[in-house]
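Here's the structure we're looking at; comments come further down.
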Amino acid sequence: MPDHIVARVVAWYDANARDLPWRRPITSPWGVMVSEFMLQQTPVERVREPWARWLERWPTPGDLAASPSGDAVRAWGRLGYPRRALRLHGAAVAITERFGGRVPDDLDDLRSLPGVGSYTAAAVASFAYGRRAVVLDTNVRRVLGRVAAGEAYPGAAQTRAEVAVAETFLPDEPALAARWAVASMELGAVVCTARAPRCDVCPVIDVCAWRQAGYPAWAGPPRRGQSYEGTDRQCRGALLAVLRGSDEPVAHDELATAWLEPVQRERALASLVTDGLAVRTGADDPRWSLPG
DNA sequence: GAGGCGTGGGG
DNA sequence: TCCCCAAGCCT
């Protein structure tokens, strides 16, 4: 059964794939890795421009490693989760120092890099090098959960059982495995979506367990939305936006303007320093900036 | 293993 | 409008 589903999804992908720049054959493994970092929790359409500018400026890991980490944070712009920029910079340094400037193709080597977890390691190995790897992201988890398990949504945490199911779908031949990986992700991204799935154009609707069960609603624990208004995250974002927008270190008063409540502001600022996203400069006249 | 971590767009 | 969510990672 999995073989049949794989064949249909891959055929669907061949006819319907979006033209995303990081999927083009000329894209380097480094370009693929940069896209994977940027796409962690950030929609495709918001990544296109920053990705192109990033690779123009830093065509290789060595180029990024030679720049200050603060430049990476500034170039990250408003993609969100700016610690990813710091980790991508750290990954570039590690690739330069430990792997001769070449993005690794081995899963364990990839996972040893900052910001690279099981998903990103598998994605780079598969998309950049055509290796056989279980690429299990939120899209694939949802697709397999619906098609194979008949459930509307995957649970909050990835389980061993899910990985085992994904293994049964993964073709033996590396090239086909890589095509399946990108195709199953694409299906989840544009057809088998979380909100309003387009089952009318789904290539595997006739074998979908979720459909056969009558599209049962999600029966698990309520999917709690992440609150944001008034959180430290919002405060950190406001403070970091000030640092990003200034070429010179900024005085504390400027940060105070960006976030009025002092207790939360100081807590957030301290956490930014702890994370390496902000540094304090100046002895008698303290100022703040992105890291050097 | 649950919670923290940005930001903006679409239903 | 408001809520949900978008190719996760780390502690």
Side-chain angles (χ1 to χ4, degrees), chain A residues 13 17-18 20-23 27 31-51 73 76-88 90-91 110-128 133-143 152-160 166 178 181-190 192-198 218 221-244 258-259 264 267-268 271-272 274-278:
Chain A
Y13 178 78
R18 290 171 295 176
L20 303 179
W22 44 86
R23 284 180 180 165
T27 301
V32 172
M33 172 171 276
V34 171
S35 79
E36 291 304 332
F37 270 77
M38 291 184 168
L39 288 164
Q40 291 170 3
Q41 301 287 280
T42 300
V44 163
E45 289 311 317
R46 285 179 49 206
V47 165
R48 289 180 187 267
E49 290 293 325
W51 179 84
V73 175
W76 197 255
R78 304 187 67 80
L79 281 176
Y81 292 141
R83 290 191 296 190
R84 289 182 293 165
L86 230 40
R87 290 170 183 158
L88 180 53
L110 285 163
R111 287 222 44 176
S112 75
L113 302 171
V116 178
S118 59
Y119 162 74
T120 301
V124 171
S126 181
F127 303 158
V134 175
V135 179
L136 198 54
D137 76 323
T138 188
N139 288 304
V140 180
R141 292 184 64 214
R142 186 174 54 249
V143 168
Y153 298 106
Q158 185 180 118
T159 66
R160 280 213 151 105
V182 69
S184 55
M185 279 182 62
E186 185 79 344
L187 187 69
V190 305
C192 195
T193 58
R195 197 82 59 98
R198 301 169 53 202
W218 171 240
R223 309 153 61 74
R224 72 153 167 293
Q226 12 169 272
S227 59
Y228 183 64
E229 196 67 25
T231 62
D232 283 12
R233 291 162 73 179
Q234 185 186 27
C235 181
R236 284 165 55 103
L239 298 179
L240 202 57
V242 173
L243 301 185
R244 270 201 313 266
W259 196 269
Q264 188 175 35
R267 182 174 65 232
S271 75
L272 288 173
T274 297
D275 287 350
L277 285 165

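Here is how names work: the chains are called A, B, and so on, in the same order as the sequence lines, proteins then strands, and each is numbered from 1. Here the structure is a predicted model, which means the values were calculated and not measured.
Comparing atom distances between the A:Trp22 side chain and each of C:dA7, C:dA6, C:dC5 picks out C:dA7 as nearest. For A:Ala194, counting side-chain heavy atoms from C-beta on, the closest listed nucleotide (C:dA6, C:dA7, B:dT7) is C:dA6. For A:Arg18, taking side-chain heavy atoms from C-beta onward, the closest of the listed nucleotides B:dG11, C:dA7, B:dG6 is C:dA7. Across C:dG8, B:dG4, C:dA7, the shortest atom-to-atom separation from the side chain of A:Asn139 is found for C:dA7.
The pair A:Glu36-A:Arg84 does not count as a salt bridge, with every side-chain nitrogen at least 4.0 angstrom from each carboxylate oxygen.
A donor and an acceptor atom, one from each side chain of A:Ser118 and A:Arg111, are nowhere located under 3.5 Å apart. Looking only at atom types and distance, the side chain of A:Tyr13 has no donor-acceptor partner in the side chain of A:Arg18 under 3.5 Å away.
Between A:Arg83 and C:dC10, a side-chain N or O to OP1/OP2 separation shorter than 4.0 Å is absent. Side-chain nitrogen and oxygen atoms of A:Arg244 include at least one within less than 4.0 Å of the OP1 or OP2 phosphate oxygen of B:dT7. Residue A:Thr120 has a polar side-chain atom (N or O) positioned under 4.0 Å from OP1 or OP2 of C:dC9. Contact between the side-chain N/O atoms of A:Tyr81 and the OP1/OP2 oxygens of C:dC9 is not found at any separation under 4.0 Å. Side-chain nitrogen and oxygen atoms of A:Gln40 include none within less than 4.0 Å of the OP1 or OP2 phosphate oxygen of C:dA7. Taking side-chain N and O atoms only, A:Arg78 has a distance below 4.0 Å to OP1 or OP2 of B:dG8. For A:Arg142 and C:dA6, the shortest distance from a side-chain N or O to OP1 or OP2 is below 4.0 Å.
Distance CZ/A:Arg142 to CG/A:Leu187: 9.5 Å, rounded to 0.5 Å. Rounding to the nearest 0.5 Å places CZ of A:Arg87 at 8.0 Å from CG of A:Asp275.
Residue-level contact check: A:Tyr228 touches the bases, meaning some heavy atom is under 4.0 Å from a base atom. Counting non-hydrogen atoms under 4.0 angstrom, A:Val116 reaches the backbone sugars and phosphates but no base. Residue contacts shown for A:Leu20 include a base, since a base heavy atom lies under 4.0 Å away.
Of the residues near DNA chain B, A:Leu240 and A:Ala196, the one whose nearest nucleotide (by heavy atom distance) lies more toward the 5' end is A:Leu240. The nearest heavy atom of DNA chain B to A:Gly77 and to A:Arg87 marks one nucleotide each, and the one closer to the 5' end goes with A:Arg87. If you find the closest nucleotide of DNA chain C to A:Pro114 and to A:Arg195, the one lying nearer the 5' end belongs to A:Arg195. Toward the 5' end of DNA chain C, the nearer of the two residues A:Leu39 and A:Gly115, judged by each one's closest nucleotide, is A:Leu39.
Here C:dT11 presents its P atom at 10 Å from CG of A:Asp275, a figure rounded to the nearest Å. As rounded to whole Å, 13 Å separates atom P of C:dC10 from atom CZ of A:Arg84. Between the OH atom of A:Tyr153 and the P atom of C:dA6 there is a distance of 8 Å, rounded to whole Å. The distance between atom CG of A:Leu110 and atom C1' of C:dG8, rounded to the nearest whole Å, is 15 Å. In this structure, A:Gln158 places its CD atom 19 Å from P of B:dG3, rounding to the nearest Å. Summarising the geometry, the separation between CG on A:Leu277 and P on B:dT7 is reported as 11 Å, rounded to the nearest angstrom. In this entry the distance linking CD of A:Glu229 with C1' of C:dC4 reads 16 Å, nearest Å. Between the CZ atom of A:Arg236 and the P atom of B:dG6 there is a distance of 4 Å, rounded to whole Å.
Within the 4.5 Å cutoff, the side chain of A:Val135 has heavy atoms near those of the A:Tyr119 side chain.
The base of C:dG8 is not paired with the side chain of A:Thr138 by any donor and acceptor separated by under 3.5 Å. A:Arg233 contributes a side-chain N or O that forms a donor-acceptor pair with the base of B:dG6 under 3.5 Å.
C:dA7 and B:dG3 have their P atoms separated by 22 Å, given to the nearest Å. Separation of the P atoms belonging to B:dG8 and C:dC9 is 23 Å when rounded to the nearest angstrom.
Closest approach of A:Thr193 and A:Ala189 over heavy atoms only: CG2-O, 3.4 Å.
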